[in-house]
Amino acid sequence: MNNGEERRLNGGAEEDDDDEDEENGGGLEAWERAYADERSWESLQEDESGLLRPIDNTALQHAQYRRRLRTATTTARIQKGLIRYLFIVIDLSRGAAEMDFRPSRMAVVAKQVGAFIREFFDQNPLSQVGLVTIKDGVSHCLTDLGGSPESHVKALMGKLECSGDSSLQNALDLVHGYLNQIPSYGVREVLILYSSLSTCDPGDIMETIQQCKKSKIRCSVIGLTAEIFICKHLCQETGGSYSVALDESHLKELILEHAPPPPAIAEFAIANLIKMGFPQRAAEGSVAICSCHKEAKVGGGYTCPRCKARVCELPTECRICGLTLISSPHLARSYHHLFPIVPFDEVSLSLLNDPHVKLPKACFGCQQSLLNAGNKPNLRVACSNCKQHFCLDCDIYIHESLHNCPGCESARHSKQETPTEG
Amino acid sequence: MNSVAPKLYADDVSLVMVVLDTNPFFWTTSSLPFSKFLSHVLSFLNSIMLLNQFNQVVVIATGYNSCDYIYDSSLATDHGSENGKMPALCSNLLQKLEEFVIRDQQLRKDGSGEGLPSSLVSGSLSMALCYIQKVFRSGPLHPQPRILCLQGSPDGPEQYVAIMNAIFSAQRLMVPIDSCYIGSNNSAFLQQASYITGGVYLKPQQLDGLFQYLSTVFATDLHSRRFLQLPKSVGVDFRASCFCHKKTIDMGYVCSVCLSIFCKHHKKCSTCGSVFGQAQADASGSSRKRKISET
């Protein structure tokens, strides 16, 4: 009956409900689900009437989420490197054909890298990514550093075959050559997705690692097999992170950890003022020859404010005068890293059970009732600034995606505290 | 409340989140009186409800000091008229609106009486997005949400970051933000909101015919929009305003650490406190400064 309102996160109580089952499996077929959660019986418990039902672990999950959030925001005051130059190195040697990840390591890696690239550009709009593959002991540059997610994903999907040995040194040498040319304010990073258990190098890899360290390239490795000493050594030396994925969902989690901008370490990237242009979009009907494709195009372009050349897309660098061209929304996309909202405080149980305190009945954000079945107040969080109460789902949405506190935003007097442009 | 068979939730069922500007500073100066505006809007809301029996309307009032939900059609008990008086939608909404306006006014008394006549769009957009997020959470069968801003007050520059955050979140959720701007100049914030999220921005030429604009442009559901020629944007102002003087500029300096925008070269970033360049970079900085003063 209750299609909309009453469905809870832990799935309904009706065991024989087909819709419910599909939802819990996250859209997987039954035989695929067996691999995703093999110990499915452990997540069941018996209720008072002897029926089996899934364990209500929303509160537990939320507590974990909050802990993560708190550790993330304590480090938030550190300056971040928002202009990143990242090379993603994908190991396409023999090891990538292994089938312990389904259908193969290579396919899983390609899928997750595609998702990562999109997320990366969403969070770092002014950054650039390049793709490098290792195959037959040699490394190739698949795509140059660039800002268009689609072209990278397309290039990667077209080149998915593996053979031969893997060479960490060749890959690092190649990347080192490219990253040495970028301007000093950029953060140089390499993310290596390593499927092999060995590296077959032409020279001394320790020298290459020292070179990377000298050039301030931050190297991180995500392994798909077992921990390898040389990878760990590389990450330790260059200040990166090393992790080994257990399964596909863990791999996804590990890759996405690299999407938010890393803390900027003063010696890694020198702060600088960069001259940038904010071109205006030309009127829809105007005809001009664009400088990037050298074709006559009708409408929809942008005009460089310095040399008046026409470009098709933003962000880019003007082909004629070299000015970096961006639009203000591109910059605004990263402002939430600079003005993060404070984590909400959990409303204490003693306050919830105190009958004398009048608590809000509904979540301030989504109007969902904060009372549970017995008309008792539910678990909730409150903003320390505006004192409004929110449900746990809104808490996650507000901190992960919205980056605004609806309560603080809808009150004039608390506005002064938000750090706007000072 | 409404037990809907899955088949009935077709792709043209909409959830319209209406963000209603109730800023008294604007309405006292507007050529269209607030009462007339409300009657246009109420007829529009009724017509949305008539288009499809599962359509849902939620109204959020945006005041000068606060924002609040004032109407939710999924919570309304009966849609019929009570003993020949006003229909339930109108009477409920008007009553809540009146309470809201009074509360909003009371809040102003204890706050400082600044003459900034912008309304808190960022707050109501954030609330609307939270509500939409709840609808998405409710399961695979839900109406197609969209946001409609009925705005008249000018933009408040202090809300820039918050409004942009809301816009990007809406873009990620694929929720279009439509805006109908009734004020005298164009609103750069709403233009960007509609452009980025793929909504429609419209500034009606004749406010007497507001209902016609609303019903012909903003009543169309997302599915039908693919077949219609809706008003195109005339041009969006993407220029940035600098943090130091709030001037709109088309060329400027951007801090590489925090991406703050400045109209001239500084030695230190006022937002994140990083010091720019060493001695050699300073020299190039002063030459740049000279260049600016020449022009």
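In what follows, chains are A, B, ... by sequence order, proteins preceding strands, each numbered from 1.
- Proximity to chain B (any heavy atom under 4.5 Å) is shown, for A/F364, by both the backbone and the side chain.
- Rounding to the nearest 0.5 Å gives a distance of 9.5 Å between CD1 of B/I60 and OG of A/S410.
- For B/I132, no part lies under 4.5 angstrom from a heavy atom of chain A.
- Residues B/M164 and A/P329 are in side-chain contact: their nearest non-hydrogen atoms beyond the backbone lie under 4.5 Å apart.
- At a 4.5 Å heavy-atom cutoff, the contact between A/L126 and chain B is made by side-chain atoms alone.
- Chain A forms more heavy-atom pairs under 4.5 Å with one residue of B/C67, B/G252, B/G123 than with any other, namely B/G252.
- The heavy-atom pair separating B/V254 from A/M276 by the smallest distance is CG2-SD, 3.6 Å.
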How far apart are the C-alpha atoms of A/C391 and B/K134, what are their side-chain angles, what is the distance that settles it, and do they pass the side-chain contact (heavy atoms from CB on, under 4.5 Å) test?
-> CA-CA 10 Å; A/C391 65; B/K134 182 181 84 171; over 6 Å; no

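- Considering only heavy-atom pairs separated by less than 4.5 Å from chain A, the leading option among B/L129, B/I167, B/I196 is B/L129.
- Closest heavy-atom contact between B/S169 and A/Y397: OG-OH, 2.7 Å.
- B/L259 contributes atom CG, which lies 5.5 Å from atom CD1 of A/I83 (distance to the nearest 0.5 angstrom).
- Residue contact with chain A, scored on non-hydrogen atoms closer than 4.5 Å, involves the backbone and the side chain of B/M251 alike.
- Judged purely by atom type and a 3.5 angstrom limit, B/Y69 uses its side chain to pair as donor or acceptor with the backbone of A/G365.
- Between the SG atom in B/C130 and the CG atom in A/L402 there is a gap of 6.0 Å [rounded to 0.5 Å].
- Contact annotation: the side chain of B/F168 never approaches that of A/D122 to less than 4.5 Å [non-hydrogen atoms, C-beta and beyond].
- Side-chain contact between A/D393 and B/R137 is present, with heavy atoms from C-beta onward closer than 4.5 Å.
- Residue contact with chain A, scored on non-hydrogen atoms closer than 4.5 Å, involves the side chain of B/Y195 exclusively.
- Atom CZ of B/R172 and atom CD of A/E119 lie 7.5 Å apart (nearest 0.5 Å).
- Panel note: side chain B/N165, backbone A/N404; no donor-acceptor pair is recorded below 3.5 Å.
- Looking at A/C363, neither its backbone nor its side chain comes within 4.5 Å of chain B, counting heavy atoms on both sides.
- For the atom pair B/C255 SG and A/Y185 OH, the distance stands at 12.0 Å (nearest 0.5 Å).
- Taking CE of B/M127 as the start and CD of A/Q388 as the end, the distance is 8.0 Å to the nearest 0.5 Å.
- Both the backbone and the side chain of B/I249 have a heavy atom closer than 4.5 Å to some heavy atom of chain A.
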